[in-house]
Number of protein chains: 2
Amino acid sequence: MKLLEEKIKTCGRILPGNVLKVDSFLNHQIDVKLISALGEEWKRLYENEKITKILTIEASGIGIACIAALHFNVPVVFAKKSKSSNIGNDFYTSKVVSYTHGNTYDVIVSKNYISPDDKILIIDDFLANGSALKALVNICRAAGATVVGAGIAIEKAYQPGGKMIRDMGIRVESLAMISSMNETDGVVFCN
Amino acid sequence: MKLLEEKIKTCGRILPGNVLKVDSFLNHQIDVKLISALGEEWKRLYENEKITKILTIEASGIGIACIAALHFNVPVVFAKKSKSSNIGNDFYTSKVVSYTHGNTYDVIVSKNYISPDDKILIIDDFLANGSALKALVNICRAAGATVVGAGIAIEKAYQPGGKMIRDMGIRVESLAMISSMNETDGVVFCN
C-alpha cells in the first residue's frame, strides 16, 4: 500500500539492531487518519469474508484494531499480557517470545469472548518473527473459532514470521512488506 | 450519557472488592460502535476548544482514544508503562499508583510528541483514585502544553480522583458517573 510505504519512508527511522522506529505515527503517537485508511484497505481485501470479530494484542495493536473494526462493524478483542501464572480456567492462553525485549510471556483471552461461531481477523502492527501472531492463531484454534486471516501493517519479509504463519494455512495481508533495510540504503519494499 | 449507563446496567458485573467488570464492551472486548458514540459526545462537549492532540495511557485507554480521535481529527499519543528505570532524557515521565494491582509504575511519553503549542484532551476508560489521570496531567504540564480537559468513560464518583483532578483546575467530562454500587443494589448513577 503506497500510502503506508511513503509514510514509512518519510517518518520511519532505522536504528542500530535492525529496529524500524515508527513511533511518530504507528505505536506511540498514532496517525488515526492513516490507520483508518489501513482499515479501509483490509476491509477491501477481506470484503467477501463474513468476519465476526477482530482479535489483536496489547498494547500497540489495540488502536489499529479498533479503527479497523469500525470499517468491519464488529467488536475487537485484545489479548492481554498475563501478570500472573495462575489465571484459572476462564482464559485461553498462549506463549509469546519477544525478540525485541528478550523475554517470554503469556497472553490471555477470556473464554467469554471467542466462540466456535466466530470468524476472526487478526490485526497487528508488526510481523517479524511471528511469535505474537502465532499465539493469537493458537488461541483462536483452542476456542474452535475460524481464523479468516491476518491484517498486518508492516511485515519484515526478511524475517521468518510471514512464511511460518502462511505455512499454517493462514492468509496474511501485510500493507507494507519490507525486503531489506539498513542505515545506508534506508527501507526497501518488496514489489 | 444514557447509552453508556444502560450498557453498564445491562452488561457490567459487580465483583467482590468493589470491582466493576466491563470487559464485555470496554476493556477486553471493545464495542467500537458504542465507543464511537462516546467519542461523538466528547466532541460535542469540547466543541469550542481547539484540541490538537489526544493523550491516553496503555492499554485500555488506547482503543477509546483512537476512536474518539477520529471525531476530533487529531493524532493520539499513548503514555507507555516504562519497563526500565533508566530511560534517558528523551521522555517525560510520571509515577502512577495502581490501587487495583497494588503497585507503582512509571509512565513515559516521548518529548517529540507533546509540545508547548499543544492543546490536549486526555481520554481514559476509568477515573477512580485519579493517579493515572494526574500522571498524564503532570506530563502535559512538564511539556508546557495546555490541558483542555479530560474525557472519561466511567467515573467512580465516590472515590477521590474526580475531585482531586477538578481541584487542579482541569475540566473533567465523565459520561457515566457512579454514585454507589454493590452486589445487592447494583450500580447507581449520579443525577
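Below, chains carry the letters A, B, ... as their sequence lines are ordered, and counting in each starts from 1.
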A/Lys53 versus chain B, the contacting section by heavy-atom distance below 4.5 Å: side chain
Looking at A/Glu41 and A/Arg44, does any basic side-chain N land under 4.0 Å from a carboxylate oxygen? yes
Check each atom of A/Val109 against the heavy atoms of chain B and say whether the ones under 4.5 Å are side chain, backbone, both or neither. both
Side chain from CB out, backbone as N, CA, C, O: work out which of these in A/Ser36 comes under 4.5 Å of a heavy atom of chain B, or both, or neither. side chain
Side chain, backbone, both or neither: which part of B/Ile108 has a non-hydrogen atom closer than 4.5 Å to chain A? backbone
Highest number of heavy-atom pairs under 4.5 Å with chain A: which of B/Leu34, B/Ile64, B/Ile62? B/Ile62
Contact leader toward chain A among B/Asn27, B/Ile35, B/Asn112, where contacts are heavy-atom pairs under 4.5 Å: B/Asn27
Among the listed options B/Val77, B/Val74, B/Val76, B/Leu70, the residue most often paired with chain A at heavy-atom distances under 4.5 Å: B/Val76
Charged N to carboxylate O under 4.0 angstrom, A/Glu173 versus A/Arg166? no
Portion of A/Asn73 that has a non-hydrogen atom of chain B nearer than 4.5 angstrom: side chain
Against the six-membered ring of B/Tyr92, is B/Arg141 placed for a cation-pi contact (under 6.0 Å from the centre, within 45° of the normal)? no
Salt-bridge present (B/Glu5, B/Lys2; N to O < 4.0 Å): yes
Please flag which part of B/Ser24 lies under 4.5 Å from any non-hydrogen atom of chain A: side chain, backbone, both or neither. both
Is it the case that over 12 heavy atoms from other parts of the model lie below 6.0 angstrom from the NZ atom of B/Lys119? no
Can you tell me how far CD1 of B/Ile8 sits from CZ of B/Phe189, rounded to the nearest 0.5 angstrom? 4.0 Å
At a heavy-atom distance under 4.5 Å, which candidate from A/Asp31, A/Val32, A/Leu55, A/Ile54 has the highest pair count against chain B? A/Val32
Are B/Lys111 and B/Phe91 in a cation-pi setup, meaning NZ or CZ lies under 6.0 angstrom from the ring centre and within 45 degrees of the ring axis? no
